[in-house]
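Okay, so here's the structure we're looking at.
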Amino acid sequence: MIGRDEVHDLLAREALCLDRRDWDGWLSLYTDDCSYWMPAWRDEENPTDNPDRELSLIWYQGKHNLEDRVWRVKSGLSIASVPMLRTAHQVSAILIEGPDTVSASFACHVHNVKRRTDHCFFGRYEYRLVHEGDALKIAAKKILLMNDNIPTVADFYML
Amino acid sequence: MRWEEVSALVDDRVTDGWFSVHRRAFTDAAIFDLEMRHIFEGGWVFLGMASQVPNPHDYLTTTVGRVPIVVMRDGEGKLDAFVNACTHKGALICHKRTGSGRLHVCRYHSWSFDSAGQSVGVKGLRDGAYSDAFMQTDRNLSRLPAFADYRGFLFGSLVPTCPIEEHLGEARHLLDVAADQGEDGLELVPGEVVFTYDGNWKMQLENCADAYHFTSTHPSYLQLIEKRRREEKKNVVKSVWGENSAWSEMTEGITGGTYGFDQGHVLNWQVIPLSDTVPLAERAELLAERYGAARRDWMVNMRNMTIFPNLQVAENASSQLRIIRPLSAGKTEMRTFCIAPKGESDGARRMRIRNYEDFFNPTGMATPDDTVCYADCQDGHANALQPWILGYARGMESVQDGPDQFADVLGMKPDRSQPCGSQLCDETLFHSYYRAWLSRLKVGMERSA
Ligand code: FES
Ligand SMILES: [Fe+2]
């Protein structure tokens with residue numbers, strides 16, 4: 001069973017780590033074999049559902065793929081990541097829905113420092129959480145991006 | 001704006017070793033308006049894929065310039081394109097990206113239209129005290145004067161124009177190479193991804209064909225796939241760029257090249273050897289039997305193709321179909337799809353999709369590095385002190401008229417060819433864009449004069 005307090009802490013910590021760019025802290029919240037998935041939209045109503053036959057916006061299995069994304073934004077080699085955009089994640093309506101599943105609603109305000117523009121990505125998170133020892137970790141995260149008309153870039157840290 | 005002002009934006013003197021485009025072509029709202037009227041709304045443009053509307057009464061919606069369009073299949077299965085606007089007052093008739101319906105009832109006053117675009121009902125017609133003049137007026141949806149299905153690629157024009165064969169010209173061979181990969185042509189993988197960038201639409205036109213930027217713009221991607229190849233972890237995307245080095249300065253000899261066509265279409269290509277990172281590998285022998293090994297090799301090669309003005313099919317790390325939709329001189333919308341051969345195995349499809357997500361998505365690791373550069377250029381185009389862009393010069397001394405030996409394999413006769421090594425990174429192929437750009441503007445401006 002997962003407890004309400006530890007769930008709220010975990011989700012708040014993920015938001016904080018991303019906003020603070022504490023990448024190691026962020027990665028430590030995930031299990032090694034985690035899945036990380038942001039489906040695309042098949043049509044007006046339905047997100048894609050089968051990552052092997054349909055397109056996702058992001059689909060990874062295994063934390064090493066998230067480490068790669070972190071490496072890229074830190075590397076200084078990605079034009080779209082220099083300067084990085086400033087973010088503020090807001091996570092709310094956190095609900096434990098099953099023995100290990102949690103849903104939440106998110107909004108991420110993004111400020112493009114260079115172009116002096118603002119954008120807000122919003123949608124829903126769905127988590128599957130597991131205990132590793134005392135720590136609650138993310139075994140699966142699904143991001144349902146509601147406004148998928150993307151102004152130039154939506155990197156993992158803006159979602 | 002007078003034609004002389006427009007034509008002065010392209011300085012085409014290749015016999016003197018000079019070609020340039022004026023920055024105003026990228027920034028001027030009046031030019032943008034002419035482009036909408038005479039290029040996008042004044043000749044052939046790409047609309048969508050026949051595979052999006054497989055059954056009778058299916059439709060897809062899109063935009064041509066500023067005009068809403070619906071492509072519909074009627075009860076007999078015949079495709080046609082219409083302005084997606086009720087002939088009463090103009091309300092949109094079809095509301096989804098793709099959908100289906102025998103009868104489309106306008107939501108505003110209930111006029112109705114069938115899937116062949118025919119008006120089939122006017123609410124309260126008998127009690128309407130309509131005049132004869134009204135009764136004799138055509139109420140059918142406005143049919144596009146030109147519509148064509150070429151190998152599943154659908155094109156339309158809002159003005160009467162040449163046959164599609166003439167518009168595609170010799171570039172049709174490139175669509176054939178793409179379409180022949182599948183048993184039954186191509187399909188779009190479910191999941192359309194739409195993004196915008198803060199730059200002119202012609203930045204995208206150029207970038208797709210721009211070999212010069214690849215190693216400069218994408219080092220994070222290139223280093224990452226190299227790292228993945230070394231580490232050989234499971235559940236990572238293997239990319240064709242990891243196996244192939246046609247872009248690397250270490251590679252000698254002819255590694256690819258470019259073609260340009262009079263109608264403004266271009267191809268930038270590179271040799272890609274068959275390997276297990278190529279989704280088509282599973283069909284390689286079958287395709288060689290059917291089309292010959294040389295033509296099969298063309299299917300495996302990297303091919304970044306632009307069909308002027310708004311269609312790009314980029315087959316490299318994966319395969320992407322892009323519809324370029326200009327919103328203003330400084331803003332462009334990209335509608336993007338993973339395009340794939342029908343009947344592909346689960347394994348090949350999975351590899352194609354994974355590579356697509358990493359390379360092509362605005363949430364991936366390559367495309368945003370391009371589009372941020374477009375916005376940078378758009379800012380820089382304000383430079384009136386140096387109004388002429390210096391990006392059309394590489395390859396000027398080596399480009400040749402007509403086909404090269406690689407085009408001969410396809411029986412294709414491009415207007416110009418540039419077979420080259422990895423480091424030439426031709427820019428002369430862009431000349432074809434701007435010659436077609438001018439010629440479509442000219443035809444349109446003369447038509448409307
Ligand atoms: S606008 Fe369609 S019926 Fe009036
Ligand atoms: Fe690029």
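Residue numbers start from 1 in every chain, and the chains themselves are labelled A, B, ... in the order their sequence lines are given, proteins ahead of strands.
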Which answer fits [X], side chain, backbone, both or neither, if we ask what part of it has an atom under 4.5 Å from a heavy atom of chain B?
X	answer
Pro39(A)	neither
Tyr60(A)	side chain
Asp52(A)	both
Met158(A)	neither
Trp41(A)	backbone
Ser75(A)	side chain
Ala80(A)	both
Gln61(A)	both
Thr48(A)	side chain

Identify which part of [X] has an atom lying under 4.5 Å from any heavy atom of chain A, answering side chain, backbone, both or neither.
X	value
Arg228(B)	side chain
Thr217(B)	both
Lys331(B)	neither
Asp370(B)	neither
Glu344(B)	backbone

- Item | Phe122(A) ring center within less than 6.0 Å of Phe106(A) ring center | no
- What orientation do His381(B) and Phe26(B) show, parallel under 30°, tilted 30 to 60°, or perpendicular over 60°? tilted
- Taking every heavy-atom pair that is under 4.5 Å apart, which of Asp358(B), Asp346(B), Leu224(B) has the most such pairs with chain A?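 Winner by heavy-atom pair count: Leu224(B).
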- Among Cys338(B), Ala366(B), Gly364(B), Ala340(B), residue most engaged with chain A (heavy-atom pairs, under 4.5 Å):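 Option with the greatest count: Gly364(B).
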- Item | Worked check of side-chain contact (heavy atoms from CB on, under 4.5 Å) between Ser51(B) and Lys342(B) | CA-CA 10 Å; Ser51(B) 65; Lys342(B) 286 183 189 167; 4.2 Å; yes
- Query: Quick one: does Thr363(B)'s side chain have a donor or acceptor within less than 3.5 Å of a partner on Val153(A)'s backbone?
  - Reply: no
- Item | Any donor-acceptor N/O pair, Ser81(A) side chain to Met84(A) backbone, under 3.5 Å |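 Checked: no pair found.
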- Item | Face-on cation placement of Lys142(A) at Tyr127(A) ring, 6.0 Å and 45° thresholds |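 Here Lys142(A) fails the 6.0 Å and 45° test against Tyr127(A).
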- Query: Can His213(B) and His218(B) be said to form a ring-ring contact (aromatic ring centres under 6.0 Å, His included), step by step?
  - Reply: CA-CA 8 Å; His213(B) 83 289; His218(B) 302 299; 5.1 Å; yes
- All heavy atoms of Lys114(A) vs all of Asp376(B), minimum pair found to be NZ-OD1, 2.6 Å
- Query: What do the steps show when you test Arg13(A) against Asp22(A) for salt bridge (charged side-chain N to carboxylate O under 4.0 Å, His left out), and what is the final call?
  - Reply: CA-CA 10 Å; Arg13(A) 186 162 307 284; Asp22(A) 172 5; over 6 Å; no
Option in [options] with maximal non-hydrogen atom pairs under 4.5 Å from chain B:
options	answer
Thr117(A), Asp148(A), Asp43(A), Asp68(A)	Asp68(A)
Gly76(A), Pro51(A), Ala40(A), Pro47(A)	Pro51(A)
Arg53(A), Met38(A), Arg42(A)	Arg53(A)

- Supply the atom-to-atom distance Ile58(A) CD1 to Asp155(A) CG, rounded to the nearest 0.5 angstrom.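 The CG atom of Asp155(A) is 7.0 Å from CD1 of Ile58(A), to the nearest 0.5 Å.
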